[in-house]
Novice: 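Can you keep this structure in mind? I'll have questions shortly.
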Amino acid sequence: MKVLESVDFVICEELKQARRLLSYYNISKELVPLNEHNEKEATNDLIIRIAQGENAALISDAGTPLFSDPGNYFTRECVYAGIEISPVPGPSSLMAALVTTGLIFDTFYFFGWLSQKTDQRKSQLKTLRLRKEIIILMETPYRLKKLLGEISKVFGKNFHTVLAYKLTMPEEKIFRGPAAQILAAVEKDNLKGEFVLILDNRGRKNF
C-alpha cells in the first residue's frame, strides 16, 4: 500500500480491477493499462515518463506481476534503459499450490500454459510425459475439462494429479487423484476461475 501511495502513476493489467484495489485503500492515482494487447506500443511512452523522473508501480489483476501476466517486455526494456526495478513480494499461485500437494519436492518443471490448439497441446503433453519430474501447468476453466481428459489418455487413466483452485480465497478447493476423477468433480461443481495443475511424473506413489 505504501508503494501505491508513493508513486506518480500505477501501471495495471485491467483498469476495472485496479480501480477496485485502489478504491479499497482510498488511493487516488493515474492508472495506465498495460496488457497483452498494448504492451509493446505503450512501453516506450512509459519508459520516457520514468526516465524523466516519474515513479511507477506495476500491478496485476491477481498474483505476482509478470508470472503468467503481462509486463515481461516492459520490464526487460526498463532494464535495458537502466531503470531501477524494485520487487514487492506478493502471492504466487505456483508456490501456494506446491506446498498443498503433500509431495516432497526439491526441484520441479514449470511449463505454464499449454497451446490452445488441440494437436499442438497433445504433442506438448506427450513431450512432458517423458520428463520424470513434477510438472506444473496453468489453465483456464474454458479448457480445463478437455485438458484433464487429454491427460488421462496421455499419462494414463490412473495417473494422479493435484488441481488447486482459487487458493487463499473463500472458494478455495484442492483436488487430488486421477485426472478422470478430478474431471468429474470439476464438472459437478461447475468451477469458474484459473487453476494450477500439478503432475507428479517421477514414478512414485506420493499421494
Novice: Calculate, to the nearest 0.5 Å, the distance between atoms CG and CD belonging to L34 and E39 respectively.
Specialist: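 Result: 4.5 Å between the selected atoms.
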
Novice: Are the side chain of D45 and the backbone N or O of A42 linked by a donor-acceptor pair below 3.5 Å?
Specialist: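 Answer holds: no.
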
Novice: Hey, does I174 have a side-chain heavy atom less than 4.5 Å from the side chain of L163?
Specialist: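 SC-SC contact between L163 and I174 ruled out.
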
Novice: In the structure I gave you, are the side-chain heavy atoms of R19 and C12 within less than 4.5 Å of one another anywhere?
Specialist: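 A side-chain contact under 4.5 Å is absent here.
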
Novice: Distance from F175 atom CZ to L183 atom CG, nearest 0.5 Å?
Specialist: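 Going from CZ on F175 over to CG on L183, the span is 11.0 Å.
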
Novice: Within this structure, what is the CD1-OH distance for the pair I136 and Y109, rounded to the nearest 0.5 Å?
Specialist: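 I136 CD1 to Y109 OH: 11.5 Å, rounded to 0.5 Å.
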
Novice: Which pairs of donor and acceptor atoms, one on a side chain in residues 48-58, lie under 3.5 Å apart (sequence neighbours left out)?
Specialist:
unit_1, atom_1, unit_2, atom_2, d
R49, NE, E54, OE2, 3.0
R49, NH1, E30, OE2, 3.0
R49, NH2, E30, OE1, 2.9
R49, NH2, E54, OE1, 3.0

Novice: Compare every heavy atom of I151 with every heavy atom of A179, then report the nearest pair and how far apart it is.
Specialist: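 Result for this residue pair: CB-CG2, 4.0 Å.
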
Novice: Going from CD1 on I198 to CG on L103, what distance comes out if it is rounded to the nearest 0.5 angstrom?
Specialist: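 It is 7.0 Å, given to the nearest 0.5 Å.
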
Novice: Do F9 and I11 come close enough that some side-chain heavy atom pair is under 4.5 Å?
Specialist: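 SC-SC contact between F9 and I11 confirmed.
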
Novice: How many angstroms lie between OG1 in T118 and CZ in R143, if you round to the nearest 0.5 Å?
Specialist: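 The CZ atom of R143 is 10.0 Å from OG1 of T118, to the nearest 0.5 Å.
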
Novice: Can you pull the salt bridge (charged side-chain N to carboxylate O under 4.0 Å, His left out) pairs that have at least one residue in residues 146-168, sequence neighbours excluded?
Specialist: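 Applying salt bridge (charged side-chain N to carboxylate O under 4.0 Å, His left out) to every pair that reaches into residues 146-168, excluding sequence neighbours, yields R121-E150.
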
Novice: Just checking E41: does its CD atom have more than 12 heavy atoms from other residues, nucleotides or ligands closer to it than 6.0 angstrom?
Specialist: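 It does: E41 CD has more than 12 such atoms within range.
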
Novice: Check this for me, if you would: do D200 and R202 make a salt bridge, where the nitrogen-to-carboxylate-oxygen distance has to be below 4.0 angstrom?
Specialist: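 Salt bridge between D200 and R202, a charged N being under 4.0 Å from a carboxylate O: yes.
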
Novice: What pairs with K126 under side chain to side chain contact (heavy atoms under 4.5 Å, CB included), at least two apart in sequence or on another chain?
Specialist: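 Scan of K126 (side chain to side chain contact (heavy atoms under 4.5 Å, CB included), adjacent residues dropped) gives V154.
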
Novice: Would you mind reporting whether R131 and L128 have side-chain heavy atoms less than 4.5 Å apart?
Specialist: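 Side chain of L128 against side chain of R131, heavy atoms only: contact under 4.5 Å found.
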
Novice: Given the rule in the side chain to side chain contact (heavy atoms under 4.5 Å, CB included) test, do Y165 and V196 qualify, once you have shown the distances and angles that lead to the verdict?
Specialist: CA-CA 7 Å; Y165 169 77; V196 178; over 6 Å; no

Novice: Does Q17 reach the main-chain N or O of S60 with its side chain, forming a donor-acceptor pair under 3.5 Å?
Specialist: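 No, because the side chain of Q17 does not come within donor-acceptor range (under 3.5 Å) of the backbone of S60.
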
Novice: Are the side chain of T75 and the backbone of G71 linked by a donor-acceptor contact shorter than 3.5 Å?
Specialist: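 Indeed, once roles are kept as given, a pair shorter than 3.5 Å links the two residues.
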
Novice: Using a side-chain heavy atom cutoff under 4.5 Å and only I, L, V, M, F, W and Y, what cluster partners does Y25 have?
Specialist: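 Grouped by the 4.5 Å side-chain rule, M1, V3, L4, V7, V10, L15, L21, L22, Y24, I27, L31, I59, V88 form the rest of the cluster around Y25.
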
Novice: Can you give me the closest heavy-atom contact between F110 and L94, atom names plus distance?
Specialist: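 That would be CD1-CD1, 4.3 Å.
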
Novice: Could you list the residues that satisfy side chain to side chain donor-acceptor pair (under 3.5 Å) with Q124, not counting sequence neighbours?
Specialist: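 None.
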
Novice: What heavy-atom pair brings L98 and T101 nearest, and what distance separates the two atoms?
Specialist: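 The answer is O-OG1, 2.8 Å.
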
Novice: So does K16 pair up with E14, basic N to acidic O under 4.0 Å?
Specialist: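 No, K16 and E14 are not salt-bridged.
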
Novice: So which atom in D61 and which in E13 form the shortest heavy-atom distance, rounded to 0.1 Å?
Specialist: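 Of all heavy-atom pairs spanning D61 and E13, the closest is N-OE1, 3.0 Å.
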
Novice: What class does the angle between the rings of F105 and F108 fall in, given that below 30° is parallel, 30 to 60° is tilted and above 60° is perpendicular?
Specialist: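 F105 and F108: perpendicular rings.
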
Novice: If every non-hydrogen atom of N38 is compared with every non-hydrogen atom of P33, which pair is closest and at what distance?
Specialist: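 That closest heavy-atom pairing would be ND2-O, 3.0 Å.
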
Novice: Answer whether the closest heavy-atom distance between the side chains of W113 and E139 falls below 4.5 Å.
Specialist: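 Side-chain contact under 4.5 Å: yes.
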
Novice: Please check if any side-chain donor atom of N201 sits under 3.5 Å from a side-chain acceptor atom of R129, or the reverse.
Specialist: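 Per modelled atom types, N201 and R129 side chains form a pair under 3.5 Å.
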
Novice: For the residue pair P178 and T161, what are the closest heavy atoms and their distance?
Specialist: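 That would be C-OG1, 4.4 Å.
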
Novice: Does any non-hydrogen side-chain atom of R176 lie less than 4.5 Å from one of H160?
Specialist: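 No. Closest side-chain heavy atoms not under 4.5 Å.
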
Novice: State which residues pass side chain to side chain donor-acceptor pair (under 3.5 Å) with R76; sequence neighbours excluded, sorted by chain then number.
Specialist: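 Scan of R76 (side chain to side chain donor-acceptor pair (under 3.5 Å), adjacent residues dropped) gives none.
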
Novice: Determine, using the 4.5 Å side-chain heavy-atom cutoff (strictly less than), whether Y73 and V32 are members of one ILVMFWY cluster.
Specialist: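 Different clusters: Y73 never reaches V32 through Ile, Leu, Val, Met, Phe, Trp or Tyr contacts under 4.5 Å.
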
Novice: If you round to the nearest 0.5 Å, how far is CD1 of I182 from NZ of K173?
Specialist: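 Output value for this atom pair is 13.0 Å.
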
